[in-house]
Amino acid sequence: MLSGFIGKTSGHAIAVKNTFLQPLEPPATEQQLPDQVIADQTITATQNGEKTFDRIESLIGELKSQIRQKQGGTGETGLLEKLRTVIHAYPDLKDSPFRPSINEMIISECQLVEIYPPDETELQQLWYR
């Protein structure tokens, strides 16, 4: 903001503000609107993320349960079909960035209970057939 003196009248100086160089501010309602929109999007993204993680936890629990049921001598017979059935109940996770981690969990869990784990091709077929 610039200010200056125009001149003197009866011995008194008159101060003048140069307001045309000040930045314009939008009305308060326009300033609040983008923050409100962003906040709503953040809440929605958080809620969707929580839903996805809940579904992943549920899928993992079901997969582990199926794998552990095969422990104790019954072997891999029918295991892949049971895992496929479980995975197909979660179609929204098929293209999830967590799919490789879920595949790794299947391998690790099979090794933990001493069942021969599925290979990469078999893992891919679990998701797409």
Side-chain angles (χ1 to χ4, degrees):
M1 170 174 60
L2 300 174
S3 61
F5 293 102
I6 291 184
K8 292 184 180 182
T9 56
S10 359
H12 295 31
I14 301 173
V16 179
K17 289 184 179 180
N18 188 353
T19 57
F20 68 88
L21 294 177
Q22 294 177 355
L24 297 176
E25 293 184 24
T29 56
E30 289 180 25
Q31 286 179 338
Q32 292 172 359
L33 183 60
D35 292 340
Q36 292 168 347
V37 171
I38 291 170
D40 290 345
Q41 291 172 351
T42 302
I43 290 169
T44 302
T46 301
Q47 290 170 345
N48 288 341
E50 289 174 11
K51 180 183 174 186
T52 299
F53 281 117
D54 289 345
R55 296 207 25 93
I56 290 169
E57 286 180 1
S58 179
L59 171 61
I60 288 172
E62 289 184 50
L63 291 171
K64 284 183 176 185
S65 176
Q66 290 297 325
I67 293 168
R68 290 177 183 165
Q69 286 178 11
K70 292 297 178 182
Q71 182 182 16
T74 58
E76 301 88 31
T77 307
L79 176 63
L80 291 179
E81 191 56 43
K82 289 185 181 211
L83 295 179
R84 182 177 296 111
T85 300
V86 170
I87 287 172
H88 282 238
Y90 298 86
D92 53 317
L93 299 178
K94 180 174 89 172
D95 295 319
S96 164
F98 300 101
R99 193 173 94 195
S101 297
I102 295 168
N103 287 347
E104 285 298 318
M105 183 281 307
I106 292 171
I107 292 169
S108 296
E109 199 66 24
C110 286
Q111 291 171 340
L112 182 68
V113 297
E114 299 180 354
I115 296 174
Y116 186 78
D119 62 29
E120 187 63 33
T121 302
E122 291 169 325
L123 286 170
Q124 295 308 316
Q125 290 172 350
L126 292 176
W127 293 93
Y128 289 104
R129 276 192 178 181

Q.
Which residues pass the side-chain hydrogen bond (donor to acceptor under 3.5 Å, both in side chains) test with Ser58, not counting sequence neighbours?
A. Tyr90
Q: Tell me, please, which residues at least two apart from Glu120 pass side-chain hydrogen bond (donor to acceptor under 3.5 Å, both in side chains).
A: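 Partners of Glu120 by the side-chain hydrogen bond (donor to acceptor under 3.5 Å, both in side chains) criterion, ordered by chain and then number, come out as Gln124.
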Atom pair [atom1]/[atom2] of [X] and [Y] - distance to nearest 0.5 Å:
X	Y	atom1	atom2	result
Leu126	Lys82	CG	NZ	14.5 Å
Ile60	Leu93	CD1	CG	9.5 Å
Leu59	Arg99	CG	CZ	12.0 Å
Ile67	Leu112	CD1	CG	9.5 Å
Leu80	Gln66	CG	CD	11.5 Å

Q | Heavy-atom pair with the smallest gap, counting every atom of Asp119 and Thr121 | A |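 Shortest heavy-atom separation between Asp119 and Thr121 comes out as OD1-N, 3.1 Å.
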Q: Please confirm whether the backbone N or O of Leu83 pairs with a side-chain atom of His88, one donor and one acceptor, at under 3.5 Å?
A: no
Distance-only check: which donor-acceptor pairs under 3.5 Å involve side-chain atoms of residues 103-111, not counting sequence neighbours?
{"unit_1": "Asn103", "atom_1": "OD1", "unit_2": "Trp127", "atom_2": "NE1", "d": "2.7"}
{"unit_1": "Ser108", "atom_1": "OG", "unit_2": "Glu104", "atom_2": "O", "d": "3.1"}
{"unit_1": "Glu109", "atom_1": "OE2", "unit_2": "Arg68", "atom_2": "NE", "d": "2.7"}
{"unit_1": "Glu109", "atom_1": "OE2", "unit_2": "Arg68", "atom_2": "NH2", "d": "2.8"}

Q. What pairs of residues pass the salt bridge (Lys or Arg N to Asp or Glu O under 4.0 Å) test when at least one of them lies in residues 83-97, not counting sequence neighbours?
A. Arg55-Asp92, Glu81-Arg84
